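Source: prediction; values computed, not measured.
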Amino acid sequence: MIEILKTTDPTVIAAARAYLQGEAIEFFLLDVHMSGLYGGALGFIPQRLMVADEDAARARMILRPLGFELSPPPEE
């Protein structure tokens, strides 16, 4: 799994999820429950959107033109 997007804004995560679902790209969210502790008062803990290694390039190609600030690709 590769991190594609990291943000503390739940609306950004929701929008990215919708676009990826529309393109049938499976994803996994990390730190969702951590960012919601104390009713969201701990908004400094970002949620991370992860995709399979083989879907990363396509996911970036879909999200980048839409203005999402994507995580840098892992160094090889």
If a pair satisfies side-chain hydrogen bond (donor to acceptor under 3.5 Å, both in side chains) and one of its residues is in residues 51-71, list it, with sequence neighbours excluded. Glu3-Ser71
Could you point out which residue of Leu29, Ile2, Val12, Leu70 forms a side-chain contact (heavy atoms from CB on, under 4.5 Å) with Leu49? Leu29
List the atom of [X], the atom of [Y], and the distance in Å for their closest heavy-atom pair.
X     : Y     : answer
Phe28 : Leu30 : CE2-CD2, 3.1 Å
Ala59 : Leu20 : CB-CD2, 3.8 Å
Leu63 : Phe68 : O-CD1, 3.3 Å
Leu5  : Ala16 : CD2-CB, 3.6 Å

For the [atom1] atom of [X] and the [atom2] atom of [Y], what is their distance to the nearest 0.5 Å?
X     : Y     : atom1 : atom2 : answer
Arg48 : Asp31 : CZ    : CG    : 4.5 Å
Phe27 : Met1  : CZ    : CE    : 9.5 Å
Ile4  : Lys6  : CD1   : NZ    : 13.0 Å

All pairs passing salt bridge (Lys or Arg N to Asp or Glu O under 4.0 Å) where residues 9-26 contributes a residue, at least two apart: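 Every candidate salt bridge (Lys or Arg N to Asp or Glu O under 4.0 Å) pair involving residues 9-26 fails, so no pair, neighbours aside, qualifies.
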Taking the side chain as C-beta and beyond, is there a heavy-atom pair between Pro46 and Thr7 under 4.5 Å? no
